[in-house]
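Worksheet: one structure, shown below.
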Amino acid sequence: MKDVPAAGPAAADAILAAVRAIPRGQVAGYGEVARRAGLPGRARLAARVLSGNTDASLPWHRVLRSDGRIAFPEGSRGFREQARRLRAEGVAVANGRVRMARVVPDLDAEVWGMP
DNA sequence: GGATTGACAGGGA
DNA sequence: GTCCCTGCCAATC
């Protein structure tokens, strides 16, 4: 019952699972995902995992920066792809940023299975 | 072995 | 509200 896995394939899997746990129309930050994956403070690791992912069914576009900003440089390919997908899901993307879900208390709790 | 980089986060100006 | 710098961790050169 150790605690956090020491950054291995299991960690990557956990991160992927956390990303897949994000419901459609909702978004989360890298640090948030990492935390839910059992890797507090490993936001960068989450980013790295997503950069190496190739799963098209993985909602990576729902993962944003802590500020709600898209991690890619504006005008970049990934930027456009992500913004496009988010809009397709009903997420308001404006000027390279996304309106972070301010209040989704019950929903959020349900999603992460924790109040 | 060390040094550099990176889809980050947080605090300060 | 935006822009800049520092810190943390892991992988890569």
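As the structure is a prediction and not an experimental result, all values here were calculated from the model. Below, all heavy atoms of this structure are taken into account, side chains as well, without hydrogens, waters or symmetry copies. Proteins come first, then strands; the chains are lettered A, B, ... in the order of their sequence lines, and each starts at number 1.
- Rounding to whole angstrom units, CG of residue A:Leu50 and P of C:dA10 are separated by 17 Å.
- As a whole-Å value, the separation of A:Leu39 CG from C:dA10 P is 9 Å.
- The distance from atom CZ of A:Arg42 to atom P of B:dG6 is 21 Å, rounded to the nearest whole Å.
- At whole-Å resolution of the value, CZ in A:Arg69 and P in B:dG10 are 13 Å apart.
- Close to B:dG10, at under 4.0 Å from its OP1 or OP2, lies a side-chain N or O of A:Ser66.
- Of all nucleotides listed (B:dA7, B:dA9, C:dC8), C:dC8 comes nearest to the side chain of A:Arg44.
- Under a 3.5 Å cut-off, the side chain of A:Glu81 and the backbone N or O of A:His61 do not form any donor-acceptor pair.
- Within the nucleic acid shown, A:Gly31 comes within 4.0 Å of sugar-phosphate atoms alone, with no base atom in reach, counting heavy atoms only.
- In terms of phosphate contacts, A:Arg48 brings a side-chain nitrogen or oxygen within less than 4.0 Å of OP1 or OP2 of C:dT12.
- Counting non-hydrogen atoms under 4.0 angstrom, A:Arg97 reaches the backbone sugars and phosphates but no base.
- One interatomic measurement links the two molecules: CZ of A:Arg80 to P of B:dA7, which rounds to 19 Å at whole-angstrom precision.
- As rounded to whole Å, 4 Å separates atom C1' of B:dA7 from atom OH of A:Tyr30.
- Crowding of A:Arg20 atom CZ: a count of heavy atoms from other residues, nucleotides or ligands under 6.0 Å exceeding 12.
- Enclosure of atom CZ in A:Arg35 is not indicated, since only 12 or fewer non-hydrogen atoms of other residues, nucleotides or ligands lie within 6.0 angstrom.
- Residue A:Asp67 contributes atom CG, which lies 17 Å from atom P of B:dA7 at whole-angstrom precision.
- Within the 3.5 Å criterion, the main-chain N or O of A:Gly96 finds no donor-acceptor partner in the side chain of A:Glu74.
- Note: CD (A:Glu74) to P (C:dT2) measures 13 Å, nearest angstrom.
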